[in-house]
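We use all heavy atoms of the structure for the numbers below, so side chains are in, but hydrogens, waters and symmetry mates are not.
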Amino acid sequence: MKSITQKAAALLVAAGVFSGAHAVEDLPGGPAVRQLNLQTAATRIAAEQSWLHWMMLIACLVIFIAVFAVMFYSIWKHRKSKGAKPASFHESVSVEVIWTLVPFVIVILMALPATKVLVATKDTTNADLTIKATGQQWKWGYDYLNGEGAGISFLSALDASHREMSNSGKTQGASNDYLFKVDNPLVVPVGKKVRIITTANDVIHAWGVPALGVKQDAIPGFVRDTWFRADKTGDFYGNCYELCGKEHAYMPIQVKVLSTEDYAKWVGEEQKKMAAKLDDPNKVWQLADLSVRGEKVYAANCAACHQANGKGAGPIMPIDGSALVLDADKNKEIALLLKGRNAMPAWKQLSDTDIAAVVTYTKNHWSNKTGQVVQPAEVLAQRGK
């Protein structure tokens with residue numbers, strides 16, 4: 001008996017350690033532990049969607065209870081064992097009118113608020129800020145088109161440390177935003193109407209953030225739009241909501257809502273970064289300098305698919321030892337980055353210097369020792385072709 005008790009205690013301790021190592025808490029702006037309801041609304045539209053959800057649920061529950069209560073009462077009260085005899089009739093105009101009008105009225109009463117919310121979600125006029133969200137396997141590209149911050153452009157992908165934890169399976173101590181945190185979140189000001197234009201470069205994606213009450217498909221060759229106006233600051237999380245390939249689970253969305261003052265500071269900092277990236281395309285770089293810069297570009301944009309060791313994975317082709325990379329014709333790899341091919345997206349949003357740097361890096365790293373150097377001017381010459 002004592003040994004059984006000791007074994008049981010050991011199992012409980014082990015279970016406690018296991019659960020403690022994997023303990024998670026609610027993620028503000030994202031999913032909650034044992035969540036049964038919609039996420040906490042951060043916009044008026046999301047609040048109206050939540051109200052509509054509960055109104056429909058309660059209405060359906062009341063109808064369900066009423067209908068089955070009458071049915072079961074009728075079955076019990078008029079059962080054969082009590083000598084009940086069925087009535088003999090063929091039609092009743094009054095009953096037919098009632099069971100036609102009542103459902104009609106119910107549907108109308110439910111449709112009116114639903115239509116109001118649906119129309120509101122599609123009203124993208126008079127936006128303070130317009131941002132294009134472009135889905136590609138497997139990251140989001142953001143371009144600020146109008147409003148404060150117009151001209152800012154960047155890519156947003158899963159945080160590299162989270163991807164590394166997922167690949168290794170060592171998730172102990174992972175933060176609550178595990179697999180939700182991105183390297184470059186979408187930043188918007190609080191209280192401003194933000195219009196999101198969605199499209200895609202390869203397959204169908206979908207941009208959505210539950211707490212903001214938005215979800216819109218991103219379809220190649222088509223332009224769709226949606227909008228939101230955040231009522232409070234903070235981070236809000238979503239995912240690509242369309243199955244878009246094997247990395248679908250690693251395509252999160254993070255929206256950072258800042259105060260008006262903080263947003264203006266962020267815009268200023270981003271504009272300084274963009275100005276710093278405007279290198280002279282005619283500058284001639286040395287191999288060592290390009291390789292250092294190319295390593296950073298590769299880690300930020302390429303390592304998630306091709307891995308840090310350049311070996312690729314599954315359908316992702318390796319870069320280490322690649323015939324394309326080793327080819328003496330440098331223009332082939334440049335064209336691949338500018339135009340993309342198959343699952344490989346186009347990287348036109350990168351500067352000429354960044355593309356030249358990452359091509360030079362891949363041609364002279366791992367077992368690739370070509371000694372080739374790609375200059376920004378060569379990339380610039382390929383852009384228009």
Side-chain angles (χ1 to χ4, degrees), residues 29-30 37-60 104 106-136 140-150 152-153 156 185-244 251-257 263:
N37 197 7
L38 302 180
Q39 291 183 16
T40 302
T43 65
R44 181 179 176 183
I45 286 292
E48 291 181 349
Q49 290 172 349
S50 181
W51 178 87
L52 187 64
H53 162 74
W54 279 106
M55 185 272 287
M56 295 284 189
L57 183 62
I58 293 172
C60 291
F104 178 77
I106 292 173
V107 169
I108 293 299
L109 293 177
M110 296 173 73
L112 288 176
T115 302
K116 176 186 174 183
V117 175
L118 181 61
V119 171
T121 61
K122 298 300 181 182
D123 181 15
T124 60
T125 59
N126 302 317
D128 299 300
L129 188 64
T130 301
I131 302 172
K132 183 175 76 170
T134 305
Q136 52 187 286
W140 292 96
Y142 295 116
D143 298 286
Y144 288 62
L145 304 181
N146 293 314
E148 187 177 8
I152 294 175
S153 178
S156 178
L186 178 67
V187 181
V188 299
V190 69
K192 300 292 185 180
K193 186 172 183 177
V194 180
R195 181 189 180 203
I196 301 293
I197 298 176
T198 63
T199 188
N201 283 342
D202 35 49
V203 299
I204 298 177
H205 300 277
W207 196 91
V209 181
L212 301 179
V214 292
K215 178 180 176 293
Q216 183 62 64
D217 285 349
I219 304 173
F222 291 85
V223 173
R224 305 292 179 90
D225 65 350
T226 184
W227 71 277
F228 65 88
R229 181 186 284 111
D231 297 329
K232 54 185 178 181
T233 59
D235 290 288
F236 303 96
Y237 303 88
N239 294 89
C240 173
Y241 285 88
E242 194 74 43
L243 186 59
C244 58
M251 198 172 171
I253 298 165
Q254 180 180 354
V255 178
K256 184 179 288 295
V257 181
Y263 177 74

* **Of all pairs that satisfy side-chain hydrogen bond (donor to acceptor under 3.5 Å, both in side chains), the ones with a partner from residues 234-244, not counting sequence neighbours** => D235-Q254, D235-K256

* Asked: Is the closest side-chain donor-acceptor distance between S153 and D143 under 3.5 Å?
  -> yes

* To do: Would you indicate whether the side-chain heavy atoms of E148 and P189 approach each other to under 4.5 Å?
  => no

* To do: Check the pair V194, D128 against side chain to side chain contact (heavy atoms under 4.5 Å, CB included), reporting the backbone distance first and the verdict last.
  => CA-CA 6 Å; V194 180; D128 299 300; over 6 Å; no

* Is there a side-chain contact between P252 and W140, using heavy atoms and a 4.5 Å cut-off? -> no

Using atom types as modelled, flag every donor-acceptor pair under 3.5 Å from a side chain in residues 206-220 to any protein atom, sequence neighbours excluded.
residue: W207; atom: NE1; partner: Y142; partner atom: OH; Å: 3.0

* Are any non-hydrogen side-chain atoms of V255 and V188 less than 4.5 angstrom apart? -> yes

* Structure fact -> Residues L38 and S50: closest non-hydrogen pair is CD1-CA, 3.8 Å

* Looking only at heavy atoms, which two atoms of G149 and Y263 are closest? And how far apart? -> CA-OH, 4.4 Å

* **Heavy-atom pair of closest approach, residues L186 and Y144** => CD1-OH, 3.4 Å

* Structure fact -> Smallest heavy-atom separation, T43 atom then A46 atom, equals OG1-N, 3.1 Å

* Asked: Do V257 and F236 have side chains that get closer than 4.5 Å, going by heavy atoms?
  -> yes

* Structure fact -> Residues at least two apart in sequence or cross-chain that pass salt bridge (Lys or Arg N to Asp or Glu O under 4.0 Å) with D225, listed by chain then number, are R195

* Structure fact -> To the nearest 0.5 Å, atom CG of L118 lies from atom CD of Q49 at 9.5 Å

* Structure fact -> Closest non-hydrogen atoms of K232 and A42, given as atom of the first, atom of the second and distance, are CE-CB, 3.9 Å

* Working to the nearest 0.5 Å, report the span between CG of L129 and CD1 of I196. => 7.5 Å

* To do: Could you give me the CA-CA distance, side-chain angles and deciding distance for M56 and M110, then say whether side chain to side chain contact (heavy atoms under 4.5 Å, CB included) is met?
  => CA-CA 7 Å; M56 295 284 189; M110 296 173 73; 2.9 Å; yes

* **Separation of C240 SG from H205 NE2 (nearest 0.5 Å)** => 6.0 Å

* Can you tell me how far OG1 of T130 sits from CG of L145, rounded to the nearest 0.5 angstrom? -> 6.5 Å

* About how many Å separate CD of Q136 and CE of M251, when rounded to the nearest 0.5 Å? -> 7.5 Å

* Asked: Where do T121 and E48 land on the side chain to side chain contact (heavy atoms under 4.5 Å, CB included) test, with the steps shown first?
  -> CA-CA 10 Å; T121 61; E48 291 181 349; over 6 Å; no

* Is it the case that more than 12 heavy atoms not belonging to N37 sit under 6.0 Å from its CG atom? -> yes

* Asked: Between CH2 of W227 and CD1 of I197, what distance do you get to the nearest 0.5 Å?
  -> 15.5 Å

* **More than 12 heavy atoms from other groups under 6.0 Å of NZ on K193** => yes

* To do: Quick one: closest heavy-atom pair of V190 and D231, and the distance?
  => CG2-C, 3.8 Å

